[in-house]
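Beneath this line is the structure, given in structure tokens, with notes to follow.
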2 protein chains.
Amino acid sequence: MLERIHLEILTAIKAHGTLTKAADSLHLSQSALSHSIKKLEGQIATPIWEKEGRNLRLTDAGEHIQTLANRVLPQLVHTELVLNQIAKGEAGSLRIGMECHPCYQWLLRVIHPYLQKWPNIDMDVKQAFQFGALGALLSYEIDVLITPDPLFTPKIDYIPVFDYEHRLVVAASHTLAKQDNVLPHQLSEEVLFSYPVEPLRLDIFSQFLNPAKCSVKKHKNIETTEIMLQMVAAGRGVCALPGWLVDEYAKSMPIKSLRFGEKGISKQIFVGVRNTEQDIDYLDDFIAQAKKTK
Amino acid sequence: MLERIHLEILTAIKAHGTLTKAADSLHLSQSALSHSIKKLEGQIATPIWEKEGRNLRLTDAGEHIQTLANRVLPQLVHTELVLNQIAKGEAGSLRIGMECHPCYQWLLRVIHPYLQKWPNIDMDVKQAFQFGALGALLSYEIDVLITPDPLFTPKIDYIPVFDYEHRLVVAASHTLAKQDNVLPHQLSEEVLFSYPVEPLRLDIFSQFLNPAKCSVKKHKNIETTEIMLQMVAAGRGVCALPGWLVDEYAKSMPIKSLRFGEKGISKQIFVGVRNTEQDIDYLDDFIAQAKKTK
DNA sequence: TGATAAACATGAATTTTGTTCATGAATTAA
DNA sequence: TTAATTCATGAACAAAATTCATGTTTATCA
């Protein structure tokens, strides 16, 4: 079997010319290399080098192994380097799960400085999970979960990273636009746009319409924030989004946001991590960065 | 140090799920794999897997090694396969040196069936050598030398592969074209085209003009056979080439060839090989193929 | 819920492998 | 011819890998 040592030996011979010097460079005796290759020659039943005068010349087989070594050894060395970084906590991978559609913009602001700071951390953002977001975290499909509704379990810690108000968005020309807040029955003739999520998990239903036994005229799913807001701005309907996100878009679009009822709907975004994984530098720092980012 | 066995172990775990089954697949004990990875973990100072229930889950470091294994192990296996072929004489490389300009066409005819028959032999044809053709053969720059003038030495065997006549080529409209052969003094007013080789090594000088103390009006070098014959066909001069080669071109060009003097110049093409390298199947077969090809 | 099975870890004993040392043979250079 | 260089080889020794026996934890099932 071709082992790493064989690749090292042939590379050293190519680099230093003689077996003796190659042995020195590998901190082994000339005899060790000679025995080592002799054994391999026995296994593959073909010579690897031939003596020419008092030097060696690689055979075709030897050249093949040498070519392989050129390709393979650097990869082994590189992986050892990465492993070393992992050991020091300077490298690793962070797979982020998102269970909060509008948080994407916020996440981009978290990620940007983080990637600068941790150049060797691989990052992967996923949005759909085979067994639900919680399952994904527990089954190591992801390492971090970003969600507005944490499902507390003993194995997962949730850290709140920021508070915001969930607000209704209407066109600037809408009659509701003049109000400071909206009441449930005022939406009965409206078209509601939302991300494609079960209605039960939408706060506008669970915390606003359902308790008041009210409803909307029609409920339509739209995948992206941009298109949803285009529709709202065009007066085609209304939607519910985080206040800070609406503020952002309101700069360039004719839209307005108002409070749900008199008290409004207060929300928090949580970062969930497996509680066995505290003390991982780059993970802790991700959470710190998340708390810092508004 | 990352060794092949570590790559094999992680691959087997990925493939079979448990350490015990992985051990079976590698024909080793579960304990052996456990010890082996434990040692590596000590060296790289980071865990490779973690126990989850009674199974294992690779850490980030483990995943890295596994990814490396996916890339590297197939290469090792492939090289072992090639080495095995080399051992059986089914693979290797044949570097052919050419010291005979017009032989190129002939070589193509030899090579064609040969490549079919030996699909795993690498072939390389070289035409210029750092220390001369003989030196190239002795220094293992090439494995086979094709030449019309063998320089006999104890270390090299020359095998004649075919005989031919060296002939003068003239335009069909040339006054000499009516003759069967040409005499030295008849060339004194002619322009002679030849490949760029020292005149001493041109048979037309060494075997025809010089012995008769004759010469030509002008001697010009031309690199390729095609252009040389175009010039001759256009009546711009004459040249000397193997009879069989002229016959080939005469089918489509207004040229004619005639004998040098009454006896003509007889030539042989030789294949030279290092005499330590008999009994190499694919080399022997190359020579056999060369003898067969006219 | 307790018994059983499955899976991995660990320490000691053993076997295998790798390494060195001493030496020989071949080649080159002085 | 002599000395130096280089690789090969066998024997002794050292180190590493492997197994064996056993322990611990976790999952399964009656």
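Please read these numbers as outputs of a predicted model, since none were measured by experiment. Sequence lines set the chain letters: A, B, ... in the order given, protein chains first and strands last, and positions in each chain run from 1.
- Residue A:Ser34 has no polar side-chain atom (N or O) positioned under 4.0 Å from OP1 or OP2 of D:dC7.
- Of the N and O atoms on the side chains of B:Asn120 and B:Glu90, not one donor lies less than 3.5 Å from an acceptor on the other residue.
- The CD atom of B:Glu41 sits 14 Å away from the P atom of C:dC8 (whole-angstrom rounding).
- When the side-chain nitrogen and oxygen atoms of A:Trp49 are compared with OP1 and OP2 of D:dT6, none of them lie within a distance under 4.0 Å.
- Shown here are the side chain to side chain contact (heavy atoms under 4.5 Å, CB included) partners of B:Leu115, two or more places apart in sequence or in another chain: B:Ile111, B:Met123.
- A salt bridge is defined here as a Lys NZ or Arg NE, NH1 or NH2 lying under 4.0 Å from an Asp or Glu carboxylate O, and B:Asp124 with B:Arg95 fails to meet this definition.
- Not counting sequence neighbours, the partners of A:Lys117 by the side-chain hydrogen bond (donor to acceptor under 3.5 Å, both in side chains) test are A:Asp285.
- The distance from atom NZ of B:Lys38 to atom P of C:dC8 is 13 Å, rounded to the nearest whole Å.
- DNA chain D lies under 4.0 Å from no heavy atom of any residue of residues 8-24 of chain B.
- Using a cutoff of 4.0 Å between basic side-chain nitrogens and carboxylate oxygens, A:Lys14 and A:Glu63 are scored as salt-bridged.
- Between the CG atom of A:Leu58 and the P atom of D:dC7 there is a distance of 12 Å, given to the nearest Å.
- Summarising the geometry, the separation between CG on B:Asn55 and C1' on C:dC8 is reported as 10 Å, rounded to the nearest angstrom.
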Generate the contact string for nucleotides 17-30 of chain C. Rules: B means base contact, S means sugar-phosphate contact only, - means no protein heavy atom under 4.0 Å. SSSBB-----BB--

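- Checked against side chain to side chain contact (heavy atoms under 4.5 Å, CB included), B:Lys38 has the following partners two or more places apart in sequence or in another chain: B:Glu41.
- Considering every non-hydrogen atom in both B:Leu107 and B:Phe286, the closest pair reads CD1-CZ, 4.1 Å.
- One can place CG of B:Leu26 at 10 Å from P of D:dT18, the figure rounded to the nearest angstrom.
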For a quick test of your reading: what N or O donor-acceptor pairs under 3.5 Å do the side chains of residues 79-88 of chain A make, sequence neighbours left out?
unit_1, atom_1, unit_2, atom_2, d
A:Thr79, OG1, A:Gln75, O, 3.1
A:Glu80, OE2, A:Arg4, NH1, 2.8
A:Glu80, OE2, B:Leu2, N, 2.9

